[in-house]
Amino acid sequence: MDTAKKVYPSFLYRIRPAGMMVLGFGSVILIGALLLMTPFASNSGTSTSFIDCLFTATSAVCVTGLVVVDTSLHWSVFGKTIIILLIQIGGLGFMSISAAIAIVFRKKINLRQRVLIKEALNQNELSGSVRLIINVIKYTFIIEFIGSLILSLVFIPKFGIVKGIGYSVFHSISAFCNAGFDLMGKSSGQYTSLVSFYNNPIVVFTISTLIILGGIGFGVMVCVLGKKRFRHFDLSSKLALITTIILIVIGTGLIFFGEFNNPQSIGNMSMWDKFQVSYFQSVTTRTAGFGTVDFSKLRESTLFVMIILMFIGASPASTGGGIKTTTLAVIALAVRAFIKDQDEISVFKKRINKYTFRKALGVFVVAVGTVVVGTYLINITQGKEFNLLASAFEVSSAFATVGLSVAGSYKLNLFGRLLIIILMFAGRVGSLTVFAMFMHDPEPNSIRYPEAKVLVG
């Protein structure tokens, strides 16, 4: 008997890898929502509505950070523990967690599980998947531990030893997993995120570094640590690193100059504080969801820049969302090849095949379509707070699993909350993964049709 059939029930064996990912994430979200519904999970000792629990669980597992109730004020220690566990599972991926458990108990990772790991971590090859999982788990916990130690230098003096340690661990995990959940509601007010630490370099640069490391991609991280020199990196890692640096620099510059003389945001700050705030927002809008400034006070031009940054998002096989940095890089390289009238897409003396370009274009078009439809639906079904820009910001934030909001997610009605839940879920598992569930295997076709000219442009 096939090993996979011994491990999985027959009906699970027939499910595609894409379907298994959707089913796995969906199951974790549902379990998390049910746990959050228990009276023990809230500070008031009463049960929270299912839709609010489902929204919170989806936001945590999909490492988004959008909330309809303040995390610090509403949830008890038990509830916050459930949320941070959901964030950790969502950040690493349920297949990484299950594979790690199997490795700890010396269970064999069968072929089907290896295929699922490959799909979950967006790898091109099946070989090395178990070794990658081990490195992912190892680096994750090491980075989160170091982040917790550094943050404790600020949080322990401010909140005390026990609470300070708890806050340090929570925010370190939330930052590395690009989740954006925070516990500052009790100290600085509801939904204020990290605004009270806007000029604290330890918090600003520790959180932003954790966000970058979590969003750069596990494959890139392993490649950098293993190969050391840039010229030895694989092409995906090179494109992810270069695109990430360019986006951070451009984002910081546009936010800095766009808000430079805005007295409601950074206009009255010192030059150094203006840089800190601009840099942090450039990093966090890529997919993290923290904030050190009130986003409702920003200019529309700045919010538009942030929507673009959110839409692009992090890198493949990371804890972040968006269309991904390498997708943008491939499309940009294709445009460059078109302008230069080149037959092939190439960079760093490597050729990018047509299938990769078609996939990148497909991801881009599906993402644009999803955001456009979502923006329209939010705009026509919600209150006056959700104007066109606020609606686009909310939808982009959900689909790219960022977690930032201008109008406030807690103001969404039932339809709006359900729509944002769907967008967060699609953004985390991948819109193409959701569509792949319903696609049939292509039938062999020996017919080659004649070529025809189509006028474009």
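Here the structure is a predicted model, which is why all the values come from computation and not from measurement. Heavy atoms only: backbone and side chains are in, while hydrogens, waters and symmetry mates are out.
Taken to the nearest 0.5 Å, the CZ atom of Phe55 stands 4.0 Å off from the CE atom of Met424. A distance of 8.0 Å separates OG1 in Thr58 from CZ in Phe425, rounded to the nearest 0.5 Å. Atom CD1 of residue Ile345 and atom OG1 of residue Thr356 lie 8.5 Å apart, to the nearest 0.5 angstrom. How far NZ of Lys359 is from CG of Asn353: 11.0 Å, rounded to the nearest 0.5 Å. The NE2 atom of His74 lies 6.0 Å from the OG atom of Ser44; values are rounded to the nearest 0.5 Å. Taken from CG in Asn178 to CD1 in Ile212, the straight-line distance is 10.0 Å, to the nearest 0.5 Å.
The closest side-chain heavy-atom distance from Met184 to Val195 is not below 4.5 Å. Contact of the Tyr167 side chain with the Leu151 side chain is not registered, since no non-hydrogen atoms from C-beta on lie closer than 4.5 Å. Between Ile51 and Ile421, the closest side-chain pair of non-hydrogen atoms falls below 4.5 Å. Within the 4.5 Å cutoff, no side-chain heavy atoms of Leu36 are placed close to those of Thr48. Contact check for Phe197 versus Ser188: no side-chain heavy atoms found under the 4.5 Å cut-off. In this structure, the side chains of Phe364 and Val368 come closer than 4.5 Å at one or more pairs of heavy atoms. Residues Ile255 and Met306 form a side-chain contact, since some pair of their non-hydrogen atoms from C-beta on lies under 4.5 Å apart. Between Leu412 and Leu419 the shortest side-chain heavy-atom distance does not fall below 4.5 Å.
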Inset, instruction - Tell me, with the steps shown, if Tyr198 and Gln276 meet side chain to side chain contact (heavy atoms under 4.5 Å, CB included). - result: CA-CA 7 Å; Tyr198 77 94; Gln276 285 191 96; over 6 Å; no
Inset, instruction - Report the C-alpha separation of Leu298 and Glu259 in whole Å, then their side-chain angles, then the decisive distance to 0.1 Å, and conclude whether the side chain to side chain contact (heavy atoms under 4.5 Å, CB included) test is met. - result: CA-CA 7 Å; Leu298 300 178; Glu259 296 296 318; 3.7 Å; yes
Inset, instruction - Assess whether side chain to side chain contact (heavy atoms under 4.5 Å, CB included) is satisfied between Leu210 and Ser172, documenting all intermediate values. - result: CA-CA 7 Å; Leu210 288 169; Ser172 180; 3.8 Å; yes
Inset, instruction - Please step through side chain to side chain contact (heavy atoms under 4.5 Å, CB included) for the pair Ile89 and Val61, ending with a clear verdict. - result: CA-CA 7 Å; Ile89 293 171; Val61 174; 5.7 Å; no
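In terms of modelled atom types and a separation under 3.5 Å, the side chain of His171 and the main chain of Leu183 share a donor-acceptor contact. Between the Thr401 side chain and the Gly321 main chain, a donor and an acceptor come within less than 3.5 Å of each other. The closest donor-acceptor contact from the side chain of Asp182 to the backbone of Leu194 lies at 3.5 Å or more, if one exists at all. Listed for the Ser47 side chain is no donor-acceptor partner under 3.5 Å among the backbone atoms of Thr38. Proximity of a side-chain donor or acceptor of Ser193 to a complementary backbone N or O of Phe290 within less than 3.5 Å is not detected. With hydrogens and angles ignored, the 3.5 Å screen pairs a side-chain donor or acceptor of Gln281 with a backbone N or O of Thr292. Counting only distance, with no hydrogens or angles, the side chain of Arg417 and the backbone of Tyr410 share a donor-acceptor pair below 3.5 Å. Between the side chain of Thr287 and the backbone N or O of Val402 there is no donor-acceptor pair closer than 3.5 Å. Lys411 places a side-chain N or O within 3.5 Å of a backbone atom of Ala407 that can act as its donor or acceptor partner. Under the 3.5 Å distance criterion, the side-chain polar atoms of Thr327 are matched with a main-chain donor or acceptor of Ile323.
Across every non-hydrogen atom of Phe256 and Ser278, the tightest pair is CA-OG, 3.2 Å. When every heavy atom of Gly416 is checked against every heavy atom of Ile378, the shortest pair comes out as CA-CD1, 4.1 Å. Contact between Thr284 and Gly289 at its shortest, heavy atoms only, is OG1-N, 3.2 Å. For the pair Lys350 and Leu235, the tightest heavy-atom approach, listed with the atom from each and the gap, is CB-CD2, 3.9 Å. Of all heavy-atom pairs between Phe181 and Thr56, the closest is CZ-O, 4.0 Å. In this structure, Leu213 and Phe176 approach most closely via the heavy-atom pair C-CE1, 3.8 Å.
In the displayed structure, Glu300 atom CD is contacted under 6.0 Å by at most 12 heavy atoms of other residues, nucleotides or ligands. For Phe304, the CZ atom counts as loosely surrounded, since its 6.0 Å shell holds 12 or fewer non-hydrogen atoms of other residues, nucleotides or ligands. Counting non-hydrogen atoms of other residues, nucleotides and ligands closer than 6.0 Å to CZ of Phe415 gives a total above 12.
Defined by atom type and a distance below 3.5 Å, a donor-acceptor pair is present between the side-chain atoms of Glu144 and Gln88.
The side-chain contact (heavy atoms from CB on, under 4.5 Å) check on Tyr376 picks up Ile380, with sequence neighbours excluded.
A ring-centre distance under 6.0 Å is found for Phe205 and Tyr279.
Judged by a 6.0 Å distance limit and a 45° cone about the ring axis, Lys80 is not positioned over the six-membered ring of Phe170.
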List the atom pairs, with distances to 0.1 Å, where a side-chain N or O of residues 62-71 and a protein N or O form a donor-acceptor pair under 3.5 Å, not counting sequence neighbours.
residue, atom, partner, partner atom, Å
Thr64, OG1, Cys62, O, 3.2
Asp70, OD1, Tyr191, N, 2.9
Asp70, OD2, Ser72, N, 3.1
Asp70, OD2, Leu73, N, 3.0

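Of the candidates Thr243, Thr326, Thr325, Ser315 forms a side-chain hydrogen bond (donor to acceptor under 3.5 Å, both in side chains) with just one, namely Thr325.
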